[in-house]
Novice: 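My questions all concern the structure below.
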2 protein chains.
Amino acid sequence: MSVGNTEVPVVIRADIPLPIGVDDHRACPATDVLRRVGDRWSVLVVMLLGRRSYRFNELHRAIEGISQRMLTLTLRSLERDGFVSRTVHPSVPPGVEYALTDLGHTFLVPISAVAEWAAAHDRDIDAARARYDGAAGSVNP
Amino acid sequence: MSVGNTEVPVVIRADIPLPIGVDDHRACPATDVLRRVGDRWSVLVVMLLGRRSYRFNELHRAIEGISQRMLTLTLRSLERDGFVSRTVHPSVPPGVEYALTDLGHTFLVPISAVAEWAAAHDRDIDAARARYDGAAGSVNP
DNA sequence: CCGTATCCGTGATGATACTG
DNA sequence: CAGTATCATCACGGATACGG
């Protein structure tokens, strides 16, 4: 997800029908969503919350390497876009519970397809890279 | 796609099983792929090439707003990762043909799921944003 | 036609310190 | 516990000019 962005509409000018989801006069919705969720942490957070609800520091501990700041920004962004709900439990100390909304849950379905594809073709991509880097990189010591 | 990046592995520490594609000891493959493809142009290019092969300037004309530089970088990146093939036809003037590889074609399937989800829930996201911005933004004129 | 090289703005991310 | 504020950094992406 672009955590706070200003998108510029993209227009496809091909006058031929496209495989899916891309019509000839508007921006590609897949690109929008992929940019929305293509940041470093959003998918990770969504998947964790797909399992159960979490509290803030619980997420912070669960995701190795995320900064407090980025976790906050990511959660805010997901909340803003309707993927995640934020519930404050008035207690001492205060507890804030994050959970997926219905929308967020429906998003788990297509993102799972990507995840499964990624898991299945991980090696293929690595192999392709090795081939590419090996072929082109060796000319320049 | 992160057009030229240096990724740092992400480790999930939750000791509970995750919905899909995320195991407890490695980086999330979905996140990797989403970051790989979550840039401004990659999905657009893949979808165009999913229809048929294109020449460079043909793509440049088809995608309104892309710079020559970014088209080159995007294609190089997709080629490196094995999504796209690049074929030079020795002719005058020279023609370079870009096409999806088999790997690229298989990727159309999960990405289509995202595209369809995006098309279906476009409004929901916009509505959620309007609600969020309306509720929080109005307290600060 | 198909790029590469260079410069540069902006946004994304991290580190760190501070607060209700 | 759950953030916010501030500063620094670097990758992404655009504009432009040049080269094979």
Novice: Treating B:Thr101 as the side-chain partner and B:Gly82 as the backbone partner, does any N or O pair qualify as donor plus acceptor under 3.5 Å?
Specialist: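 Side chain of B:Thr101 to backbone of B:Gly82, a donor-acceptor pair under 3.5 Å: yes, one is there.
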Novice: Need the bend value for the helix from C:dC1-D:dG20 to C:dG20-D:dC1: angle between end axes, 5 pairs each end, nearest 10°.
Specialist: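 Computed from the C1' atoms at both ends, the axes differ by 50°.
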Novice: Under 4.0 Å: is that the gap between some side-chain N or O of A:Tyr98 and OP1 or OP2 of D:dC1?
Specialist: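 Checking A:Tyr98 against D:dC1: no side-chain N or O falls below 4.0 Å of OP1 or OP2.
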Novice: Nearest of D:dG13, D:dC1, C:dT4 to any side-chain atom of B:Arg76?
Specialist: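 So the side chain of B:Arg76 is nearest to C:dT4.
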Novice: To the nearest Å, how far apart are A:Arg35 CZ and D:dA11 C1'?
Specialist: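 After rounding, the reported distance stands at 12 Å.
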Novice: Report the residues that fulfil side-chain contact (heavy atoms from CB on, under 4.5 Å) with B:Ala127, sequence neighbours left out, ordered by chain and then residue number.
Specialist: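 Checked B:Ala127 against side-chain contact (heavy atoms from CB on, under 4.5 Å); matches are B:Arg131.
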Novice: Whole angstrom is fine here: how far is it from CD in A:Glu97 over to P in D:dC1?
Specialist: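 Going from CD in A:Glu97 over to P in D:dC1 covers 16 Å.
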Novice: If you take all heavy atoms of B:Leu100 and B:Val46, which pair is closest and at what distance?
Specialist: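 Answer, listing the atom of B:Leu100 first, then B:Val46: CD1-O, 3.8 Å.
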Novice: Measure CG/A:Leu75 against P/D:dA2 and give the value in whole Å, please.
Specialist: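 Between P of D:dA2 and CG of A:Leu75: 11 Å.
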Novice: Once you measure the plane-to-plane angle for B:Phe56 and B:Tyr98, does it fall in the parallel (<30°), tilted (30-60°) or perpendicular (>60°) bin?
Specialist: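 Correct class here is tilted.
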Novice: Rounded to the nearest 0.5 Å, how far apart are CG of B:Asp102 and NE2 of A:His121?
Specialist: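 Answer rounded to 0.5 Å: 10.5 Å.
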Novice: In whole Å, I'd like the distance from the CG atom of B:Leu73 to the P atom of C:dT4.
Specialist: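 My rounded result for the distance is 8 Å.
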Novice: Please round to the nearest 0.5 Å and tell me the distance separating atom CZ of A:Phe83 and atom CG of A:Leu49.
Specialist: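 With rounding to 0.5 Å, CZ (A:Phe83) is 12.5 Å from CG (A:Leu49).
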Novice: Measure from NE2 on A:His89 to P on D:dG3 and round the result to the nearest Å.
Specialist: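 It works out to 12 Å between those atoms.
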Novice: Distance check needed: D:dA2 C1' versus A:Tyr54 OH, whole Å only.
Specialist: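 The distance from OH of A:Tyr54 to C1' of D:dA2 comes to 18 Å, rounded to the nearest Å.
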Novice: In whole angstroms, how far is the P atom of C:dG3 from the NE2 atom of B:His60?
Specialist: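 Whole-Å distance recorded here is 12 Å.
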Novice: Which whole-number value in Å describes the distance from A:Leu44 CG to C:dT13 C1'?
Specialist: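 Rounded to the whole Å, the gap is 15 Å.
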Novice: May I ask you to decide if A:Thr74's main-chain N or O and A:Ser77's side chain share a donor-acceptor pair within less than 3.5 Å?
Specialist: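 Side chain of A:Ser77 to backbone of A:Thr74: no pair is present.
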Novice: Tell me, for nucleotides 14-20 of chain C in 5' to 3' order, what letter each nucleotide earns: B for a base near a protein heavy atom under 4.0 Å, S for only sugar-phosphate near one, - for neither?
Specialist: BB-B---
Novice: CZ of B:Arg86 to OH of A:Tyr132: how many Å apart, nearest 0.5 Å?
Specialist: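 Answer rounded to 0.5 Å: 8.0 Å.
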Novice: Is the shortest side-chain N to carboxylate O distance from A:Asp39 to B:Arg35 below 4.0 Å?
Specialist: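 No.
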